[in-house]
Asker: 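Provided herewith is a single structure, encoded as structure tokens, for subsequent inquiry.
The analysis underlying the following values was restricted to heavy atoms, covering all of them including side chains, and did not include hydrogens, waters or symmetry mates. Please read all numbers here as calculations on a predicted model, not as lab measurements. All chains are named by letter (A, B, ...) in the order of the sequence lines, taking the proteins before the strands, and each is independently numbered beginning at 1.
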Amino acid sequence: FSAEQWRSFDIKKQQDILMDYRLSFSAYGEVNWCEALGTVLANDEVVNGVSERGGHPVEKKKMRQWYLRITEYADRLLEGLEKVDFSDAMKEMQKNWIGKSQGAEMDFAIKGFDKPLRVYTTRPDTIFGVDFMVVAPEHELVASITSSEQKDAIEKYLSYVKSRSERERLAEVKQITGCFTGAYAINPFDGREIPIWIAEYVLAGYGTGAIMAVPCGDQRDFLFANHFGIPITNIIGEHFNGEEANPTKEAVLQNSGFLSGLLMKDAIGVAVDKIEEKGIGKRQVNYRMRDAGFSRQRYWGEPFPIIWSDGIAIPLDEDELPLELPHVDTYGPGPNGEGPLANLKEWADLTPNPSQKERGTRDYYHIEDEAGEDNKGNYVDENKGGDKKENTGDKKDLPGYFKSSLQEWRNTLPFAQENRKELTEAEAIIWQKIRDRKIDGLKFRRQHPIAGYIPDFVCLEKRLIIEIDGGYHDEEDQKRFDEARQKWLEENGFKMIRFTNREVKNNLKEILQKIANALREEKSQEISGSGSPLFRRGAGGEVRRETSTMPGYAGSSWYFLRYMDPNNDQTFCDRKASDYWNQVDLYIGGTEHAVGHLLYSRLWTKVLFDLGYIGYDEPYKKLVNQGMIQGSSRFVYRITPELSGSDQFTILNADEVIEFHPIFVSFNIYNEIKENNEKILEIVKKHNNENGKNRKFLSLFNEDLKFKIIESHVDVKYVNGVELKIDEFKTWRLENELADFEREDGKYICGVETEKMSKSKYNTVNPDDLVEKYGADTFRMYEMFLGPVEASKPWDTKGIEGVHRFLRKLWRLFYDDLKGKVWNEETANAVELKVLHRTIKKIEEDTERFSFNTAVSTFMICVNELVDIKCHKKEMLQQVLILLTPYAPHIAEELWHLLGNEGSVLDATYPVYDAKYLIETAKEYPVSINGKLRTTINMSLDTTPEQAEKMVLDNEIVQKWLEGKAPKKIIYVKNKMVNVVI
RNA sequence: GCCCAUGUGGCGGAAUUGGUAGACGCAGCAGACUCAAAAUCUGCCGUUCGCAAGGGCGUGAAGGUUCGAUUCCUUUCGUGGGCACCA
């Protein structure tokens, strides 16, 4: 459009256009609606058609949402991966998520139609192998191109597709379905007629929602062609075996017009050039990624600083910020899929009711005119005039039509509220059809007072009033009301449509059409002027706050910047501060954030960079993915009689319940007997003989009884390793109290399985218990000692004793249980300094490469050595303490003080590695013969190859292996090893 | 199906650049101390043949490169994770 046209658009239109370009924008979109959670979920929060949290069903629903236009950054997000230090897996996930593909869009003429069919393909080189077209069932052309013969079939298929929920589509085994439309596309290069089909395997949301199918090159197309008996054109000769498609790009094209004889991968460019030359298509890049949903219908989140005025989103002025999250009494969802904030009517609904204009300053009609109390049209105070209901008697059925004023509007409210309690049949019918924004997303209100007038239904946005003629007003009044009302409505730009009760009941469809038409005719009121949105808010129509809140990543995407300048009240972070601190050097986080948080914060950073607020466009320099700690579940195996109904009880009569006391069998016994009812019975009888608890029960059923063994989770806190702590276990649940246990070697052994840590699996570990028992330092170090940070592994506490022993051993270097203080002020000798500097070196290296498990082991070796050489020197020990501080801060700090140091160990100078303490003059060289280690020889480090050779050959063991022969070759690698080749 | 990891003792794991496989810890075994227990300490601890000395085998499997391979290459199997009617 031209500038002139732009100026002629009303504000609504201008704003709607701008919305298509905004980085954060609002649009109606199909969102993942989860009824159970009462909220919308982002794509990455939906897993296999159910909500990631809770696993509730999710359905597609059209709702107004806010989005971040992340697709606009797709390429830069992809390129940015080159310059960050992320794991390959992480990069791969982000690449997949962005899903960039290069291809071409091209138009196929449809026989007998003007409009072409536009397809997207990554393989334009296969254009001569196109045997059919497939369009998505939702494609806009489907209705128009379907031939009359195929109409029924297509309609049938469409209703089938519609009936299939997202969940079914995903859960069901892939099956080939589709339907021929009866229409044909024309291949622009050879004029072949190509049948056009619809099938659910083509998605409306990707590419153009239509594909050209090449069965010899695409397996899905191949299966489809086979299933429906569509003849297959072979354009790759022997590369296609007729059994399955071959997606190669290396074949030489045949049967392919001007492309024949070309290698497929070369033909791609040639084909696109030709397509562009013919003006029927162009190169096109597609992305799988969609824009990121940015609004949540939840409470906890930043509220949007947005006010909707007559359908236009207006941001709050800066001086109206921050908009703080208001207090709510309930966190339950609001009406119509809105969030909890929508329940706060006062907060959310800013519509001046009636607006200034609607309130007016003049009288329109005054019901009290008759009484002559005030015929000048001035304000009549209800209270002064006495109770209206009493004064006007029969007129109390005619609420409304007071003189306009805010005060009187308020007086009208109770009547409106009263009116809302009852619905006539006709009103009910209409209401069901227009409520909940069912028409064009527009909100209707019922019995909503405007000025002093209460219409049956009103759409404030479109200023449309619907009246259902109840005919209960007396005629004289009715006429006057109508006149006054009409006048008022005209002045205020309202339009009214009326229907009779009978019309509503008999011609509902027609009426709804009329309402829809009326809504569409009505232009939104132009909002005049600029200035504060608070001012503009009064301009008319519905004015509401946005009641959605922002998702977690609104904060998580950039909080690290705030950390750099947390007290700044002018901006989120001064540019000087962010320049100084620069990117996050190291981010330790899980892979579960790969396509969520980590992508969003990269986007956010790029936006801030583009706006010039920060000087870098990637937030994290290096990313380390810590592994997931899994839970180690324990199982017990309970023998239970197989009874109909209850497992544990059998009711004899109303008074007597005979209980079967459970018998638990140990893991290995369970494995032996689980399928063998006789053996189970043996165990049951054995326990019956021992304690007689089940005697009564057994006597009832004799030998016929069938048993089963139920495997169930047992809370890991009742288990020591794999051994059940029977006494404690008995206290867990009531029915366990009298249980018996079939043990092996006197112990009850539990089954073990590794699975996700979860309360329901009773395999969670509360770190508090371990911290209580061993201390935070032990816990911390044990976590590090478990293995590489990046590895996922089951949580198992069985090794924690070792770390605990290490810390106690460390303590004893300083204080002996019996002798008390043992550390001294002596000067360290060379041997001790060697131990220290070897440790400094190793700890530095290990910490640098995040190898915390080996660092812990280095500390253990160091302490073991210090114990061996009985070193208790403060000079040595405090250096070790400083090294240890990041690993075991509490004990380090405490010992640091006990050594008499002032201040915190955190402020101590970090030890500097000095290589001179580690200089060796000789080495015990490993000597291998033909690559196999046979012996070692101690040689000086400055030994020359010639000297080394001689020493090796003189060696007794080497001579034994040589058996008098001369070696073929001797390899001497200085400071490493010697290899003798025979 | 594609992509990325990964595979080493009874267990968690180590071996950083192709150079003594199994560091360190857990568990286990034997012993010391002790009335006893706890705590602590010492020794053993991949597998196999052997009284021993010493040897064979051994890093999922099969090949290859190399004086030498857990490490590099090829093929293959298993496990874990990610992606997917994406044209």
Side-chain angles (χ1 to χ4, degrees), chain A residues 87-97 99-101 103 119-123 126 133-134 136 169-170 174-177 199-203 205-214 217-221 223-224 247 286-289 591-592 594-595 625 627-628 630 721 782 785-788 790-794 796-806 808-809 812 817-818 842 845-846 848-849 851 853-862 864 867 924-936 957 960 967-973 975-982:
Chain A
S87 70
D88 287 343
M90 179 63 72
K91 287 184 180 181
E92 204 58 35
M93 276 186 244
Q94 295 209 346
K95 279 181 196 163
N96 280 339
W97 186 259
K100 181 175 182 171
S101 77
V119 302
Y120 173 72
T121 180
T122 51
R123 296 296 300 274
T126 61
M133 303 293 223
V134 187
R169 282 198 191 186
L170 284 157
K174 285 170 190 177
Q175 49 177 323
I176 300 159
T177 68
E200 58 180 337
Y201 82 90
V202 170
L203 307 176
Y206 184 79
T208 61
I211 63 160
M212 53 180 231
V214 183
D218 184 292
Q219 187 60 16
R220 286 186 322 268
D221 297 346
L223 292 172
F224 193 87
N286 260 330
Y287 300 94
R288 200 170 69 80
M289 180 170 64
T591 45
E592 71 271 20
V595 293
N625 296 126
M628 191 200 290
Q630 295 153 316
Y782 179 58
F785 189 55
L786 270 177
E790 284 163 287
S792 274
K793 62 181 69 68
D796 202 325
T797 57
K798 74 182 179 196
I800 198 168
E801 285 287 347
V803 175
H804 195 228
R805 268 176 220 152
F806 156 74
R808 285 204 303 250
K809 208 166 177 178
R812 283 197 305 272
D817 292 345
L818 299 170
K842 188 75 167 43
E845 287 168 357
D846 286 351
E848 193 71 25
R849 64 188 177 104
S851 181
N853 55 332
T854 54
V856 173
S857 122
T858 302
F859 281 119
M860 288 174 170
I861 293 167
C862 170
N864 285 346
V867 169
E924 193 74 17
Y925 277 83
V927 178
S928 39
I929 291 162
N930 284 343
K932 281 197 193 301
L933 181 77
R934 296 300 175 187
T935 185
T936 59
I957 295 169
K960 194 190 103 187
K968 280 183 188 153
K969 200 184 200 180
I970 293 177
I971 291 146
Y972 166 68
V973 182
N975 207 12
K976 291 275 189 200
M977 44 61 73
V978 182
N979 190 17
V980 182
V981 186
I982 299 173

Asker: Provide the distance between the two P atoms, one in B/U6 and one in B/U17, to the nearest whole Å.
Answerer: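 Going atom to atom, P in each nucleotide, I get 14 Å.
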Asker: Report yes if some heavy atom in the side chain of A/Y925 is under 4.5 Å from a heavy atom in the side chain of A/V973; otherwise report no.
Answerer: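 Side-chain contact under 4.5 Å: no.
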Asker: When the C1' atoms of B/G28 and B/C45 are compared, how many Å lie between them, rounded to an integer?
Answerer: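 Roughly 8 Å separates the two C1' atoms.
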Asker: Working to the nearest 0.5 Å, report the span between OG1 of A/T121 and CE of A/M212.
Answerer: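 If we round to the nearest 0.5 Å, A/T121:OG1 and A/M212:CE are 4.0 Å apart.
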Asker: Does B/G78 pair with anything, Watson-Crick or G-U wobble, both distances under 3.5 Å, and if so, with which nucleotide?
Answerer: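 Looking at the geometry, B/G78 pairs with B/U6.
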Asker: To the nearest 0.5 Å, how far apart are NZ in A/K960 and CD1 in A/I957?
Answerer: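 Result: 7.0 Å between the selected atoms.
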Asker: Determine whether more than 12 heavy atoms belonging to other residues, nucleotides or ligands lie under 6.0 Å from atom CD of A/E924.
Answerer: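 Yes, enclosed.
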Asker: Please figure out whether A/I800 or A/V980 has its closest RNA chain B nucleotide nearer the 5' end.
Answerer: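 With A/V980 and A/I800 compared, the 5'-side residue is A/I800.
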Asker: Report, as a single string ordered 5' to 3', how protein heavy atoms within less than 4.0 Å touch nucleotides 12-21 of chain B: B base, S sugar-phosphate only, - not at all.
Answerer: BSSSB--BB-
Asker: Can you check the A/Y120 OH to B/C85 P distance for me, whole Å?
Answerer: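 In whole Å, B/C85 P lies 16 Å from A/Y120 OH.
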Asker: Using atom P of each nucleotide, how far apart are B/U8 and B/U70 to the nearest Å?
Answerer: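 Roughly 14 Å separates the two P atoms.
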Asker: Sugar-phosphate atoms are those with a prime plus P, OP1 and OP2; base atoms are the rest. Using that split, label each nucleotide of nucleotides 38-54 of chain B B, S or - for protein heavy atoms under 4.0 Å, 5' to 3'.
Answerer: -SSS------------S
Asker: As an exercise, state the distance from CG of A/D218 to CZ of A/F224, rounded to the nearest 0.5 Å.
Answerer: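 With rounding to 0.5 Å, CG (A/D218) is 12.0 Å from CZ (A/F224).
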Asker: Determine the Euclidean distance between corresponding C1' atoms of B/A84 and B/C73; express it in Å to zero decimal places.
Answerer: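 Here B/C73 and B/A84 have their C1' atoms 31 Å from each other.
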Asker: Check salt bridge (Lys or Arg N to Asp or Glu O under 4.0 Å) between A/K91 and all other residues, then give those that pass, not counting sequence neighbours.
Answerer: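 A/K91 satisfies salt bridge (Lys or Arg N to Asp or Glu O under 4.0 Å) with no other residue.
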Asker: What interatomic distance, in whole Å, is found between C1' of B/G18 and the corresponding atom of B/U65?
Answerer: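 Per the computed distance, 11 Å lies between those C1' atoms.
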Asker: How far, in whole Å, is B/A69 from B/A61 if one measures between their P atoms?
Answerer: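 15 Å, rounded to whole Å.
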Asker: Is a donor from one side chain sitting under 3.5 angstrom from an acceptor on the other, for A/K809 and A/N864?
Answerer: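 Per modelled atom types, A/K809 and A/N864 side chains form a pair under 3.5 Å.
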Asker: Identify the nucleotide, in any strand shown, that forms a Watson-Crick or G-U wobble pair with B/U40, with both distances under 3.5 Å; if there is none, say none.
Answerer: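 The answer is B/A32, by the H-bond criterion.
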Asker: Within the 4.0 Å heavy-atom criterion, would you say A/V803 contacts the bases, only the backbone, or no part of the nucleic acid?
Answerer: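 It contacts nothing in the nucleic acid.
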Asker: Take A/N864 and A/D218, find for each the nucleotide of RNA chain B with the closest heavy atom, and name the residue whose nucleotide sits nearer the 5' end.
Answerer: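 It is A/N864, whose closest nucleotide lies nearer the 5' terminus.
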Asker: Distance check: side-chain N/O of A/R288 vs OP1/OP2 of B/C83, anything under 4.0 Å?
Answerer: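 Indeed not, no polar side-chain atom of A/R288 lies that close.
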Asker: In whole angstrom, give me the gap between the P atoms of B/C72 and B/A5.
Answerer: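 12 Å, rounded to whole Å.
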Asker: With rounding to the nearest 0.5 Å, note down the distance linking CG in A/N979 to CD1 in A/I929.
Answerer: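 Answer for the CG-CD1 pair, A/N979 versus A/I929, is 8.5 Å.
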Asker: I'd like the P distance from B/U47 over to B/A39, given in whole Å.
Answerer: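 One P to the other, the span is 27 Å.
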Asker: Both distances below 3.5 Å, Watson-Crick or wobble geometry, any strand: find the nucleotide opposite B/G19.
Answerer: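 Partner of B/G19: B/C67.
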